[in-house]
Amino acid sequence: MAETNGWNQVTTIAHMQSRLTGLAKKWYDNLPKYDYSWGEWKQNILKAFPDNRDFAVALRTMLARKKDDNENWSQYYFDKMELVRACELPEKHAVSCIIDGIPNEIIQTGARAGRYENPESLFSSFLSTLTNRLHVGRQEPVNYRNKIPGRDYLRNKEDRRAHPYQRYKSKCYNCREEGHLANACTKPKKECTKCKRLGHISANCKKSENVSCKTVGAHDKCYYITCEINGQKFLGYVDTGCGGVIVRKDAIDTLKLKYSQTDKIIGGYNNSVTQILGTVTVLLTVDCAEANVNVLIVENSVQTVPVLIGQEFIKKNKILIVRNNEMRVIEDEETGPPGLGVIPVKKIVLVAEEDVEVLLGHVGYIPVTNKQNLEGDVFIEGQVRSLPMKEHLIVRCVTKACQGCVSI
């Protein structure tokens with residue numbers, strides 16, 4: 001405070017004297033003289049009140065402090081940091097001790113995967129984004145001893161007839177009737193095309209709408225591409241394994257956009273969950289394709305690139321072509337990206353490597369090759385084959401001439 005406010009020694013000593021209380025005040029009143037410099041005052045105080053804290057005791061106390069379900073993450077962090085500072089540990093060791101006090105193994109794994117350098121970054125980028133949901137839905141233990149009849153009860157035939165055991169009845173998840181299992185059901189198979197489960201159709205599917213995402217890596221450099229959001233350029237990464245379009249908050253702040261809050265979460269980042277700050281609809285332009293998409297906004301520390309381009313944009317009739325370590329994104333109705341017309345056109349015959357049965361309403365992936373032993377990329381035009389009772393659609397794609405794959 002003296003350095004911040006520019007106090008001289010006289011002012012500093014006066015403030016020190018006015019703040020002494022308790023034993024320190026009694027010690028000050030019994031001093032033989034008071035004409036000490038500020039450096040001498042500090043030495044006298046340290047001699048009169050030495051620090052006798054034992055490091056082993058402080059370390060054991062700090063390690064025993066664990067996160068409780070009834071406290072929030074801010075309370076746990078600041079209480080733990082007080083004990084960590086008493087041990088005078090380095091910042092990396094302090095981060096490890098704070099993570100060690102988290103009882104949930106999934107959250108522990110996510111915190112360690114973040115490789116945080118100091119406790120402040122651990123709290124601001126990870127712990128402060130978590131919510132206390134660990135105790136929600138916890139059921140009280142059931143005392144089954146009171147529910148199971150004793151021997152005296154079993155000896156009474158009248159009681160057995162009045163209160164028979166509740167036997168487990170098999171239930172079919174296809175027709176929802178009891179008495180048989182799904183593999184023995186004689187009714188038509190009812191399978192959801194969204195979650196691939198039995199007993200309902202996609203229109204009645206209650207599958208969670210939370211977005212799944214994988215961590216962006218440094219490999220596959222051709223998938224890094226410059227994109228435009230509402231006409232302003234940002235660095236993006238095309239990730240076909242991501243369910244949505246995810247944008248960092250600093251990019252949204254640069255565009256000065258107002259967004260609406262949401263309770264959705266993203267699963268997949270470091271085997272943990274990430275809270276979404278909000279959503280907003282923007283015009284996204286990637287190479288030769290553009291579309292209005294609803295983007296998800298996350299904290300800046302979540303991803304290394306400003307824009308993560310996933311299925312929310314790709315599924316809007318976009319085509320990805322990767323050739324010679326270069327990626328192009330085009331609209332589905334275009335004949336090809338700029339430069340594709342100069343490639344010599346040569347038709348070849350592709351044949352299936354093995355017999356594949358494709359069920360009605362399903363997608364089959366057919367391994368293909370060619371008899372001319374040609375190698376390289378092959379562009380396949382989408383088309384419908386109208387064979388009687390065997391109508392099928394060949395999906396437009398780019399594959400390998402040898403050991404390729406075609407969607408039917």
Side-chain angles (χ1 to χ4, degrees), residues 1-5 12 16 19 22 24 39 42-43 45-136 138 213-218 246 248-250 253 265-277 297-306:
M1 292 179 63
E3 294 179 358
T4 303
N5 298 303
T12 304
M16 179 272 297
R19 298 194 178 194
K42 290 193 290 185
Q43 293 180 359
I45 292 174
L46 291 175
K47 288 181 181 179
F49 303 97
D51 186 4
N52 294 323
R53 291 179 297 179
D54 184 73
F55 175 75
V57 175
L59 184 63
R60 284 196 297 268
T61 304
M62 184 270 296
L63 294 176
R65 177 67 168 89
K66 303 292 183 181
K67 168 72 170 63
D68 189 78
D69 288 348
N70 297 324
E71 65 179 349
N72 58 42
W73 289 100
S74 298
Q75 292 173 338
Y76 164 71
Y77 169 76
F78 290 110
D79 194 10
K80 187 80 169 184
M81 278 301 301
E82 183 179 356
L83 300 176
V84 169
R85 292 192 182 98
C87 298
E88 299 179 354
L89 298 178
E91 289 187 337
K92 290 289 289 185
H93 295 171
V95 171
S96 177
C97 293
I98 294 173
I99 296 175
D100 182 70
I102 301 174
N104 187 285
E105 294 182 358
I106 298 178
I107 299 179
Q108 267 195 13
T109 304
R112 289 195 176 96
R115 300 182 181 275
Y116 299 101
E117 296 293 334
N118 51 65
E120 289 76 14
S121 61
L122 170 65
F123 176 73
S124 61
S125 301
F126 186 77
L127 295 181
S128 62
T129 64
L130 301 176
T131 55
N132 293 327
R133 294 176 297 181
L134 301 180
H135 61 281
V136 177
R138 180 175 295 176
C213 185
K214 68 178 183 180
T215 304
V216 176
I246 305 175
R248 289 193 323 210
K249 187 176 182 298
D250 56 357
D253 294 339
I265 59 175
I266 301 176
Y269 280 108
N270 299 324
N271 294 324
S272 62
V273 295
T274 300
Q275 184 68 41
I276 298 175
L277 301 179
I297 306 169
V298 296
E299 291 286 355
N300 301 335
S301 58
V302 172
Q303 59 192 39
T304 57
V305 291

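Predicted, not measured: the structure shown is a model, and the values here were computed from it.
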Peer 1: Sorted by first residue and then second, give each side chain to side chain donor-acceptor pair (under 3.5 Å) pair with at least one member in residues 55-65; sequence neighbours left out.
Peer 2: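 For residues 55-65: Arg65-Glu71, Arg65-Asp79.
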Peer 1: Report the distance from atom CZ of Phe55 to atom CG of Leu89, rounding to the nearest 0.5 Å.
Peer 2: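 Here the interatomic distance stands at 5.5 Å.
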Peer 1: Taking all atoms of both residues into account, what is the closest heavy-atom pair of Pro119 and Val95, and its distance?
Peer 2: N-CG2, 3.5 Å
Peer 1: Can you tell me how far the NZ atom of Lys66 sits from the NZ atom of Lys80, to the nearest 0.5 Å?
Peer 2: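 Reported to 0.5 Å precision, the distance equals 6.0 Å.
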Peer 1: What residues form a side-chain hydrogen bond (donor to acceptor under 3.5 Å, both in side chains) with Lys249, not counting sequence neighbours?
Peer 2: Asp253
Peer 1: Any idea which heavy atoms bring Trp73 and Ile102 closest together, and the distance?
Peer 2: CH2-CG2, 3.7 Å
Peer 1: Does Gln303 use its side chain to pair, donor to acceptor, with the backbone of Ile246 at less than 3.5 Å?
Peer 2: yes
Peer 1: Which ring-ring contact (aromatic ring centres under 6.0 Å, His included) pairs, counting each pair once, include a residue from residues 91-112, with sequence neighbours left out?
Peer 2: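 Non-adjacent pairs meeting ring-ring contact (aromatic ring centres under 6.0 Å, His included): zero.
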Peer 1: Mind checking what makes side-chain hydrogen bond (donor to acceptor under 3.5 Å, both in side chains) contact with Asn300, not counting sequence neighbours?
Peer 2: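 Once residues adjacent in sequence are excluded, Asn300 has no partner under the side-chain hydrogen bond (donor to acceptor under 3.5 Å, both in side chains) criterion.
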Peer 1: Which pair of heavy atoms, one from Ser74 and one from Phe123, lies closest together, and at what distance?
Peer 2: OG-CZ, 3.6 Å
Peer 1: How far does CD1 of Ile99 sit from CG of Leu127, to the nearest 0.5 angstrom?
Peer 2: 8.0 Å
Peer 1: By the side chain to side chain donor-acceptor pair (under 3.5 Å) test, which pairs, at least two apart or in different chains, include something from residues 111-121?
Peer 2: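 Matches after skipping sequence neighbours: Gln108-Arg112, Asn118-Ser121.
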Peer 1: Any chance you could measure Tyr77, atom OH, to Phe126, atom CZ, to the nearest 0.5 Å?
Peer 2: 14.0 Å
Peer 1: Do any N or O atoms from the side chain of Arg248 and from the backbone of Ser301 form a donor-acceptor pair under 3.5 angstrom?
Peer 2: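 No, the answer is negative, given that no donor and acceptor are paired below the 3.5 Å cut-off.
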Peer 1: Show the numbers, then the answer: is there a side-chain contact (heavy atoms from CB on, under 4.5 Å) between Ile266 and Ile276?
Peer 2: CA-CA 7 Å; Ile266 301 176; Ile276 298 175; 3.7 Å; yes
Peer 1: Taking only residues two or more places apart in sequence or in another chain, which ones pass side-chain hydrogen bond (donor to acceptor under 3.5 Å, both in side chains) with Lys42?
Peer 2: none
Peer 1: Distance check, rounded to the nearest 0.5 Å: Leu130 atom CG versus Asn104 atom CG?
Peer 2: 9.0 Å
Peer 1: Enter the distance from Asp100:CG to Lys67:NZ here, rounded to the nearest 0.5 Å.
Peer 2: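 Those atoms lie 15.0 Å apart.
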Peer 1: What are the two closest non-hydrogen atoms of Ile265 and Gln275, and how far apart are they?
Peer 2: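 That closest heavy-atom pairing would be CG2-OE1, 3.5 Å.
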